[in-house]
> 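Attaching a single structure in structure tokens format; questions to follow.
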2 protein chains.
Amino acid sequence: MNTRQEVLDFVHHGHERYLPHLSIDCVIFGYHAHQLKILLIRHHGHDNWSLPGGYIARDEGVTQAAYRILAEKTQLTNLFLQQFYVFGDSATRMNKIKTQETHNPTYSKVGVAIDDNHWLSERTLSIGYYALVDYLNVVVNPELLVDEFCWQEVTEIPPLDYDHNEIVQKALMTLRAQIYQQPIGYNLLADKFTLPEIHALYESILGRQFDRRNFRKKLLTLGLIRQLDEQRKIGPHRSPYLYEFDHDNYQKALEEGAVLAL
Amino acid sequence: MNTRQEVLDFVHHGHERYLPHLSIDCVIFGYHAHQLKILLIRHHGHDNWSLPGGYIARDEGVTQAAYRILAEKTQLTNLFLQQFYVFGDSATRMNKIKTQETHNPTYSKVGVAIDDNHWLSERTLSIGYYALVDYLNVVVNPELLVDEFCWQEVTEIPPLDYDHNEIVQKALMTLRAQIYQQPIGYNLLADKFTLPEIHALYESILGRQFDRRNFRKKLLTLGLIRQLDEQRKIGPHRSPYLYEFDHDNYQKALEEGAVLAL
DNA sequence: CGGTAATACGTACATTCTACACAATAAAAA
DNA sequence: TTTTTATTGTGTAGAATGTACGTATTACCG
């Protein structure tokens with residue numbers, strides 16, 4: 001929603017187009033500078049950050065809605081996207097406490113007040129999706145109601161609006177649990193990557209250390225990655241070789257549940 | 001819902017009490033006679049079986065709703081229950097095809113016709129929960145609109161109503177993926193069990209064979225189970241020893257992600 | 001040209017996995 | 001009573017894998 005007109009239409013007619021009581025929130029993981037980060041936005045009139053999200057159209061599949069919302073926010077299609085949980089228990093979701101002093105200050109930007117009876121004020125469950133994106137390819141859409149956005153390291157997430165901290169924690173847990181069943185590697189890394197890069201990626205996701213040498217040995221023995229003849233220049237040190245994923249073997253290993261114990 | 005009055009109240013006033021567009025479906029796993037089974041019901045007027053389910057009250061948490069529904073169906077509280085996916089993509093869920101020739105023949109039993117504009121006919125997403133229960137403790141509640149129920153082996157699930165076959169498949173996949181992270185053992189078995197019992201349980205869930213001797217060795221080495229001094233009489237063969245779970249160790253192993261490769 | 005900091009690659013030992021074989025037991029058949 | 005049959009209980013050797021390191025190589029900088 002980039003124009004005033006679109007926002008007004010959404011506020012006044014959204015309930016005809018979208019399912020009420022239900023939304024989608026996205027935890028978008030990116031990897032940069034040896035850190036696992038997520039994309040946060042700050043809505044107009046809000047002090048805290050929150051997760052990007054949206055609603056499900058009445059004639060639209062849930063998965064379809066999630067991809068559409070992601071595309072609207074990041075301009076990315078064909079990314080890795082996976083549903084992981086429905087949030088409908090917390091006090092804020094039960095509408096037991098009001099989350100903002102003045103209701104929905106966000107929409108004051110277009111001169112609309114949202115009262116308690118408005119469809120946007122109803123109790124809303126949220127379906128959590130997590131996405132893995134190539135950090136460098138994301139172009140965040142400057143939506144009218146979003147004042148700013150940022151990429152925040154997962155170990156340093158500030159207090160978020162609503163129950164979004166809980167959603168991020170659950171996404172991280174799911175990511176960790178699924179790292180051996182989902183092709184997480186080649187969704188967070190570029191096509192060609194160095195050994196230190198993928199090594200640090202696994203360390204940041206799982207939050208523990210792996211021995212460099214054994215890590216390489218394991219990936220090569222399992223045939224998950226292939227060493228290329230190219231190297232990358234990285235400043236004042238020895239140039240690391242580039243590697244690429246062996247998609248066939250990777251897929252097979254995931255199905256068999258190969259684990260990097262190390 | 002056991003009386004005509006309750007059903008009529010539900011049909012006419014349910015939309016005031018429950019969230020629309022959203023339901024809960026339960027895949028209830030039980031283990032008996034060396035087979036992993038799920039509980040199916042057949043609604044009045046339906047030829048096919050389906051999963052037990054229900055709606056979320058407007059002032060009720062989602063988790064709370066799931067436990068309530070389970071208790072209503074099986075009289076069990078304190079069982080293992082876990083949300084695993086939201087289903088909202090299939091053609092039946094998009095209301096693109098009508099699933100029953102005559103709409104909702106179920107309610108004809110109480111003399112009510114449900115037309116296209118009724119709240120029960122609206123597009124409904126479903127939150128899937130799976131439960132692990134001790135087969136012997138389940139007392140299925142004879143609800144008015146449920147003609148019969150059965151325990152069906154997971155390898156022989158008949159065609160179900162709606163997208164319930166898909167839901168069962170996803171539940172099974174999740175169960176298999178989570179068997180090393182969730183205390184699946186002591187939710188499907190009685191407090192005391194024999195080695196062949198737990199051995200067969202793991203074989204049915206994962207759908208593959210484990211060497212008896214290595215299986216025992218692994219469980220004992222990890223300290224997950226403790227051998228007791230009692231034995232069980234099992235007809236014309238050697239009496240197997242009884243075992244019990246070492247809850248503390250089991251919990252620790254799950255957190256560390258101990259895997260039974262075998 | 002040596003110093004520094006990063007990457008590349010190898011080797012020995014410990015641990016775990018895997019594939020087996022044979023003894024013990026309960027009850028039914030001979 | 002003895003034999004048979006099906007099932008459970010335990011042990012052991014060799015293969016495979018995991019773990020903990022050490023040392024060599026490379027790129028740039030001063």
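Order of the sequence lines fixes the chain letters, A, B, ..., with proteins taken first and strands second; residue numbering starts at 1 for each chain. Since we're looking at a predicted model, the values are computed, not measured.
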> How close or far is atom P of C/dC17 from atom CZ of B/Phe215, stated in whole angstroms?
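Result: 13 Å.
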
> Ignoring backbone atoms, establish whether A/Lys218 has a side-chain N or O less than 4.0 Å from OP1 or OP2 of D/dT17.
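Indeed not, no polar side-chain atom of A/Lys218 lies that close.
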
> With A/Lys217, which residues qualify under side-chain contact (heavy atoms from CB on, under 4.5 Å), at least two apart?
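For A/Lys217, the residues satisfying side-chain contact (heavy atoms from CB on, under 4.5 Å) (neighbours in sequence not counted) are A/Asn214, A/Thr221.
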
> Under the ring-ring contact (aromatic ring centres under 6.0 Å, His included) rule, collect the residues that match up with A/Tyr243, sequence neighbours excluded.
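A/Tyr243: no ring-ring contact (aromatic ring centres under 6.0 Å, His included) contacts found.
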
> Could you name each residue pair satisfying salt bridge (Lys or Arg N to Asp or Glu O under 4.0 Å) that touches residues 178-206 of chain A, not counting sequence neighbours?
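Salt bridge (Lys or Arg N to Asp or Glu O under 4.0 Å) check on residues 178-206 of chain A returns A/Lys192-A/Glu230, A/Glu197-A/Arg232.
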
> Tell me which residues in residues 190-207 of chain A put a heavy atom below 4.0 Å from DNA chain D, sorted by number, or none.
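DNA chain D contact set from residues 190-207 of chain A: none.
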
> I'd like to check the ring-ring contact (aromatic ring centres under 6.0 Å, His included) partners of A/Tyr85; sequence neighbours left out, ordered by chain and number.
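Partners of A/Tyr85 by the ring-ring contact (aromatic ring centres under 6.0 Å, His included) criterion, ordered by chain and then number, come out as A/Phe87.
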
> Rounded to whole Å, how long is the line connecting atom CG of A/Leu220 with atom C1' of D/dG18?
16 Å

> Might you list the N or O atoms of the protein lying below 3.5 Å from N or O atoms in nucleotides 10-14 of chain C, with each pair's distance?
{"unit_1": "C/dT11", "atom_1": "O4", "unit_2": "A/Lys217", "atom_2": "NZ", "d": "2.8"}

> What residues, two or more places apart in sequence or in another chain, satisfy side-chain contact (heavy atoms from CB on, under 4.5 Å) together with B/Thr155?
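side-chain contact (heavy atoms from CB on, under 4.5 Å) list for B/Thr155, sorted by chain: B/Glu153.
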
> Could you work out, with ring-ring contact (aromatic ring centres under 6.0 Å, His included) as the rule, every residue matching A/His34, not counting sequence neighbours?
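Counting only residues at least two positions away or on another chain, A/His34 forms no ring-ring contact (aromatic ring centres under 6.0 Å, His included).
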
> Go through the structure and list residues passing side-chain hydrogen bond (donor to acceptor under 3.5 Å, both in side chains) with A/Asp89, not counting sequence neighbours.
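Testing A/Asp89 for side-chain hydrogen bond (donor to acceptor under 3.5 Å, both in side chains), a comparison that skips the adjacent residues, returns B/Thr63.
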
> For A/Arg176, give me all partners under side-chain contact (heavy atoms from CB on, under 4.5 Å), at least two apart in sequence or on another chain.
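Partners of A/Arg176 under the side-chain contact (heavy atoms from CB on, under 4.5 Å) test: A/Leu172, A/Ile205, A/Leu206.
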
> Would you jot down, in residue-number order, the residues of residues 226-242 of chain B having a non-hydrogen atom under 4.0 Å from DNA chain D?
B/Gln227, B/His237, B/Arg238, B/Pro240, B/Tyr241

> Say you draw a straight line from CG of B/Leu70 to CG of B/Leu76; how long is it, rounded to the nearest 0.5 Å?
7.5 Å

> Where the side chain of A/Arg212 is defined as all heavy atoms beyond and including C-beta, which of D/dT8, C/dA8, D/dT17 is the nearest nucleotide?
C/dA8

> By side-chain contact (heavy atoms from CB on, under 4.5 Å), which residues pair with A/Glu72, not counting sequence neighbours?
A/Arg68

